[in-house]
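See structure below.
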Amino acid sequence: QRLILLQSLSIHLLNSERVSDEELAKFMNTVARLRKLKRIKLKFEKAWGFTDFGIRVIVENLSKLSLEVLRLFLTDCVQVTDDGLRAFSRGIGSMKNIKELEIHLEGWNDITDRGISSLRESIKNMRHIERLSLNLTSCENISPESLGTIMEALEESTKRRHCMSP
């Protein structure tokens, strides 16, 4: 009952390899009921069992909240594809109150430049973001050119925000 008033949450699960998409869905449904949350840090390391479905569940539930700060560490999601990254990007892009966004997607070996293009579009449309940190270490199928387009999207977002300011 008291958890409903919680404004900040930090959870770190070091060995997430045993967490299934179904267990993740139950957990994220509980998190989504914490309507007062403004800051959240979720750290799932060695998340080998997460699939595109699990990633979609994470962002769909987080987007139900009015978060201002989101720190998301999802490492070694080796089953996540470009489809999962597209769902992730759409979900992140729908979070209109986010001011600080930290994303660690280390070891997502099945994502490619196609998936990164959806992340780029979400970042480009984030006019409210004040701080962004993105870690794509060991994502072996992403080209340096694709990473450059993310920086361009961030610059474009920043320009739009300054143009819209009074």
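All residue numbers refer to positions in the sequence shown, counting from 1.
- Applying the ring-ring contact (aromatic ring centres under 6.0 Å, His included) test to every pair with at least one member in residues 69-97, sequence neighbours left out, gives these pairs: F73-H104.
- Every residue meeting the salt bridge (charged side-chain N to carboxylate O under 4.0 Å, His left out) condition with E102, not counting sequence neighbours, appears here in chain and number order: R71.
- With contacts defined as side-chain heavy-atom distances shorter than 4.5 Å, the pair N29/K26 does not qualify.
- Applying the salt bridge (Lys or Arg N to Asp or Glu O under 4.0 Å) test to pairs two or more places apart or on separate chains, none has a residue in residues 15-24.
- For R90 against S122, the heavy-atom pair with the smallest separation is N-OG, 3.9 Å.
- Within the 4.5 Å cutoff, side-chain heavy atoms of L136 are placed close to those of I116.
- Apart from W48 itself, the hydrophobic cluster it occupies contains V78, where clustering links Ile, Leu, Val, Met, Phe, Trp and Tyr at side-chain heavy-atom distances under 4.5 Å.
- In this structure F27 satisfies the ring-ring contact (aromatic ring centres under 6.0 Å, His included) test with no other residue, sequence neighbours excluded.
- Both L134 and L147 sit in one connected hydrophobic cluster of ILVMFWY residues. Membership requires side-chain heavy atoms under 4.5 Å apart, directly or through other members.
- Scanning both residues, S146 and T149, for their nearest heavy atoms gives O-OG1, 2.5 Å.
- A 4.5 Å side-chain heavy-atom check between N61 and V31 finds every atom pair outside the cut-off.
- A side chain to side chain donor-acceptor pair (under 3.5 Å) check over residues 72-86, counting only residues at least two apart or in different chains, returns the pairs D52-T81, D82-T112, D83-R86.
- Between I123 and L132 there is a side-chain heavy-atom pair separated by less than 4.5 Å.
- Among residues two or more places apart in sequence or in another chain, the side-chain hydrogen bond (donor to acceptor under 3.5 Å, both in side chains) test is passed with S133 by none.
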Given the rule in the side-chain contact (heavy atoms from CB on, under 4.5 Å) test, do I92 and L70 qualify, once you have shown the distances and angles that lead to the verdict? CA-CA 9 Å; I92 294 296; L70 173 59; 3.7 Å; yes
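- Shortest non-hydrogen contact noted between S8 and L37 is N-CD2, 3.6 Å.
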Could you give me the CA-CA distance, side-chain angles and deciding distance for L62 and I40, then say whether side-chain contact (heavy atoms from CB on, under 4.5 Å) is met? CA-CA 9 Å; L62 290 177; I40 190 166; 4.0 Å; yes
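- In this view, F50 and F44 satisfy the ring-ring contact (aromatic ring centres under 6.0 Å, His included) rule, not counting sequence neighbours.
- If you chain together hydrophobic residues whose side chains sit under 4.5 Å apart, V69 and L42 never meet in one group.
- Sorted by first and then second residue, the pairs that involve residues 34-46 and meet side chain to side chain donor-acceptor pair (under 3.5 Å), not counting sequence neighbours, are H12-E45.
- Applying the side chain to side chain contact (heavy atoms under 4.5 Å, CB included) test to S138 and every residue at least two apart in sequence or in another chain returns nothing.
- Put simply, the side chain of L74 reaches to within 4.5 Å of the side chain of I58, judged on heavy atoms.
- Looking at residues two or more places apart in sequence or on another chain, you find a salt bridge (charged side-chain N to carboxylate O under 4.0 Å, His left out) between E121 and K124.
- Applying the side chain to side chain contact (heavy atoms under 4.5 Å, CB included) test to S117 and every residue at least two apart in sequence or in another chain returns R120.
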